[in-house]
Amino acid sequence: MTRPRYLLGADPEAHLEEVLRRLSAQPAWQPFDERVLAFVRRFSQRLLTAPEIRRFPELAALGHWFRGAQLRDLSVRYVPQAEDHLLLGRGLAFHLAPSNVDSVFMYSWLLSLLAGNVNLVRVSQQPSEGQDFLIEMLRSTLDEDVGDAVRERFVLLTYAHDEQLTRQISQACMLRVVWGGDATVQAIRAIALRPTAVEVCFPDRFSACAMQAQAVRDASDESLDQLAADFYNDAFWFAQQACSSPRLVAWIGTDEAAEAAAARFWPALGRVLARRQLQDSEAACMARLAARFEFAAAGLARPAEGAMPAAVLPTRLRLESMLDAEARALHCGHGLFLEVRLPQLAELAAHLSDKEQTLAVHGFSRQALLELVQALPARSLDRLCPVGQALAFAPTWDGVDLISAFSRKLLLPPPCHN
């Protein structure tokens with residue numbers, strides 16, 4: 001069995017048994033304890049005021065999300081006023097973070113901390129400047145007075161994939177939170193939890209964007225540039241690897257309108273890419289090229305009208321058939337977009353499954369959105385949002401209310417009235 005490497009919250013030479021015993025001995029707190037609120041507020045301030053934050057816009061979004069005003073709104077929403085029950089954290093929470101999105105482990109453990117839990121977080125061994133920056137911000141916040149109360153309630157570690165280590169932690173925890181691909185979720189689920197523990201999993205998901213073609217065709221140049229910039233934020237912050245980043249673009253309307261809209265939109269996105277000076281690696285370019293050949297060989301997609309070569313961002317492929325499991329599996333991200341044209345938004349439902357998480361939309365009436373929702377297959381889509389908000393985090397993710405899932409309800413006897 002390998003030894004974990006402790007990044008925060010434990011002596012580098014500590015034995016895992018000692019760390020788990022210490023964490024398990026910490027009591028669960030009520031959600032939104034003032035000691036936790038003070039720590040999270042200060043962490044948000046440090047993050048947003050650090051000079052390095054300009055290099056990490058996704059981490060600026062993290063800091064903004066956990067600002068004081070947001071925490072006040074959340075506490076009002078979740079702290080019960082009822083006399084018949086009390087919310088408490090579940091105890092020790094074990095978070096397994098993904099390697100493709102640095103900030104996910106922060107949303108996960110900070111919400112769990114706010115829910116009243118003690119937390120142990122395993123992050124990827126894959127090096128990342130963003131992750132190093134986050135750890136330094138955490139360390140500096142823990143070193144302040146606001147860190148005193150929570151210092152014993154958190155351990156951040158990493159280790160190579162080791163089933164024995166994962167089993168040891170899983171037997172100690174009361175909550176296991178798994179962020180990762182389908183294979184990761186299946187492997188972790190095979191490792192038993194203690195009978196009283198619960199598990200929340202976030203497996204592979206596939207997301208899309210739907211745009212009303214006429215609205216894009218008729219948009220002013222200024223509005224079109226803003227739409228393209230918003231789409232860039234959805235798709236390119238994490239190299240299209242985030243579960244909520246759009247990989248399918250559906251043009252809704254007549255073929256004529258769709259063709260005209262695409263002819264305006266994609267050049268506008270190209271201008272955004274040029275301004276942002278996005279660095280496209282050789283590996284990403286080769287992945288798009290290989291995916292393009294694989295889609296063609298499978299008869300699933302062909303280059304879209306007016307598309308640039310695969311070496312030039314974005315790479316566009318026109319779907320020849322329904323979006324299916326094979327098409328999802330072949331998609332590599334890194335600026336590859338599948339396109340489909342449909343007369344009505346509700347017809348997009350036939351392309352969707354339980355793998356689809358987010359649909360970013362532009363130009364539709366609420367009635368059109370409701371008609372789509374009513375036509376969806378079971379478990380398809382967890383959220384619809386405006387273009388530009390696909391990566392915006394919310395306490396309800398993949399259809400799971402995280403604060404509620406991370407806490408438990410303790411029933412109380414009725415008050416005595418003398």
Side-chain angles (χ1 to χ4, degrees), residues 57-58 60-61 64 206-278 280 304-308 312-319 323 331 333-348 351-352 356-369 372 381 383-394:
E58 70 279 8
H64 183 73
F206 193 97
S207 291
C209 172
M211 290 190 267
Q212 213 281 335
Q214 189 72 32
V216 176
R217 183 174 73 171
D218 295 344
S220 67
D221 290 344
E222 182 180 3
S223 296
L224 183 67
D225 288 345
Q226 184 60 59
L227 178 65
D230 289 341
F231 185 87
Y232 171 92
N233 291 339
D234 285 348
F236 289 96
W237 269 12
F238 298 106
Q240 215 180 6
Q241 300 301 306
C243 59
S244 54
S245 291
R247 297 187 171 200
L248 171 74
V249 176
W251 296 106
I252 309 301
T254 65
D255 281 344
E256 178 186 4
E259 186 172 347
R264 292 195 70 203
F265 176 78
W266 295 113
L269 179 63
R271 293 191 294 271
V272 174
L273 291 166
R275 288 197 301 270
R276 304 290 179 92
Q277 298 181 326
L278 182 68
D280 188 29
E305 294 84 349
M308 302 296 287
V312 180
L313 288 170
T315 296
R316 298 165 49 210
L317 299 178
R318 177 85 175 268
L319 269 180
L323 177 68
H331 201 294
H334 299 294
L336 173 66
F337 297 96
L338 302 175
E339 291 184 78
V340 64
R341 296 179 182 178
L342 299 167
Q344 302 293 329
L345 181 61
E347 295 181 36
L348 180 60
H351 287 268
L352 306 178
E356 273 64 59
Q357 184 215 59
T358 296
L359 179 68
V361 296
H362 175 76
F364 298 102
S365 67
R366 183 171 181 81
Q367 181 59 37
L369 298 178
L372 168 66
L381 291 183
R383 59 195 285 255
L384 282 75
C385 68
V387 172
Q389 296 297 311
L391 296 182
F393 195 79

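Bear in mind that the values here come from a model prediction, so they are computed numbers and not experimental data.
- Annotation: salt bridge (Lys or Arg N to Asp or Glu O under 4.0 Å) contacts involving residues 225-251, sequence neighbours excluded, comprise D225-R271.
- Looking at residues two or more places apart in sequence or on another chain, you find no salt bridge (Lys or Arg N to Asp or Glu O under 4.0 Å) involving R383.
- The nearest pair of heavy atoms linking L359 to A210 is CD1-N, 3.9 Å.
- Take E339 and apply the side-chain hydrogen bond (donor to acceptor under 3.5 Å, both in side chains) test, not counting sequence neighbours, and it matches W251, W266, R316.
- Residues D280 and L273 have side chains not in contact (no heavy-atom distance under 4.5 Å, counting atoms from C-beta outward).
- Applying the side-chain hydrogen bond (donor to acceptor under 3.5 Å, both in side chains) rule to E305 yields the partners R318; only residues at least two apart in sequence or on another chain are considered.
- Shown here for Q241 and G333, the closest heavy-atom pair between the two residues is NE2-CA, 3.7 Å.
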task: Kindly indicate, with the supporting measurements, whether the criterion side chain to side chain contact (heavy atoms under 4.5 Å, CB included) is fulfilled by L323 and H331.
output: CA-CA 11 Å; L323 177 68; H331 201 294; over 6 Å; no
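- For residues 252-268, the salt bridge (Lys or Arg N to Asp or Glu O under 4.0 Å) pairs, not counting sequence neighbours, are D221-R264.
- Under the side chain to side chain contact (heavy atoms under 4.5 Å, CB included) criterion, Q389 pairs with C385, P386, A392, not counting sequence neighbours.
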Verdict with reasoning, H362 to L227, per side chain to side chain contact (heavy atoms under 4.5 Å, CB included): CA-CA 9 Å; H362 175 76; L227 178 65; 3.7 Å; yes
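- For the atom pair D218 CG and L224 CG, the distance stands at 11.0 Å (nearest 0.5 Å).
- Remark: Y232 engages F236 in a ring-ring contact (aromatic ring centres under 6.0 Å, His included) (not counting sequence neighbours).
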query: Checking side chain to side chain contact (heavy atoms under 4.5 Å, CB included) for the pair L348/L248: CA distance, chi angles, key distance, verdict?
result: CA-CA 11 Å; L348 180 60; L248 171 74; 4.2 Å; yes
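- Shortest non-hydrogen contact noted between G335 and Q240 is N-OE1, 2.8 Å.
- For Q357, the side-chain hydrogen bond (donor to acceptor under 3.5 Å, both in side chains) partners at least two apart in sequence or on another chain are D398.
- Of all the heavy atoms in S244 and A390, the pair that sits closest is OG-O, 2.9 Å.
- Put simply, CG on L338 and CG on L317 are 6.0 Å apart, with the number rounded to the nearest 0.5 Å.
- The side-chain hydrogen bond (donor to acceptor under 3.5 Å, both in side chains) check on E222 picks up nothing, with sequence neighbours excluded.
- At distances below 3.5 Å, at least one donor-acceptor pair connects side-chain atoms of S207 with backbone N or O atoms of T358.
- In terms of heavy-atom proximity, G363 sits nearest to A215 at CA-CB, 4.1 Å.
- Evaluation of the side chain to side chain contact (heavy atoms under 4.5 Å, CB included) rule for A368 yields L345, F364, S365 as partners, not counting sequence neighbours.
- Scored by the side chain to side chain contact (heavy atoms under 4.5 Å, CB included) test, A235 finds F231, P246, F337 as partners (sequence neighbours excluded).
- Residues that satisfy the salt bridge (Lys or Arg N to Asp or Glu O under 4.0 Å) test with R275, not counting sequence neighbours, are absent from this structure.
- Distance check: Q212 CD to I252 CD1 gives 8.5 Å after rounding to the nearest 0.5 Å.
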